[in-house]
Amino acid sequence: MKCKRCGKTLKTVKSIGVGYGPICIKKQAAEDAEFERIQITLDEIVELEQVAQ
């Protein structure tokens, strides 16, 4: 099986199970955390609209 991020062959059972090698899983986790950090919720949009009115 290949890493979902870099395409290298995965060697350990754990890496195969998660789909990422040990370095790529850390990079992916950091990207996922940043993605979650910059997301805005519907509640936040409604609140911003109410403040703007």
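All values reported here derive from a predicted model rather than from experimental measurement.
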Should [X] and [Y] count as side-chain neighbours, where that means a heavy-atom distance under 4.5 Å?
{"X": "Lys2", "Y": "Thr9", "value": "yes"}
{"X": "Cys3", "Y": "Ser15", "value": "no"}
{"X": "Gln28", "Y": "Glu31", "value": "yes"}

Within 6.0 Å of CG in Leu42, more than 12 heavy atoms from elsewhere | no

Not counting sequence neighbours, list each pair that qualifies as a side-chain hydrogen bond (donor to acceptor under 3.5 Å, both in side chains) and has a residue in residues 43-53.
->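 Listed by first then second residue: Thr41-Glu44.
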
Shared hydrophobic cluster, Leu48 / Val51 (ILVMFWY, side-chain heavy atoms < 4.5 Å) | no

CD1-NZ distance between Ile23 and Lys8, expressed to the nearest 0.5 angstrom =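 One finds 7.0 Å between CD1 of Ile23 and NZ of Lys8.
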
Looking only at non-hydrogen atoms, find the nearest pair between Ile25 and Tyr20 and report the distance.
-> CD1-CD1, 3.6 Å

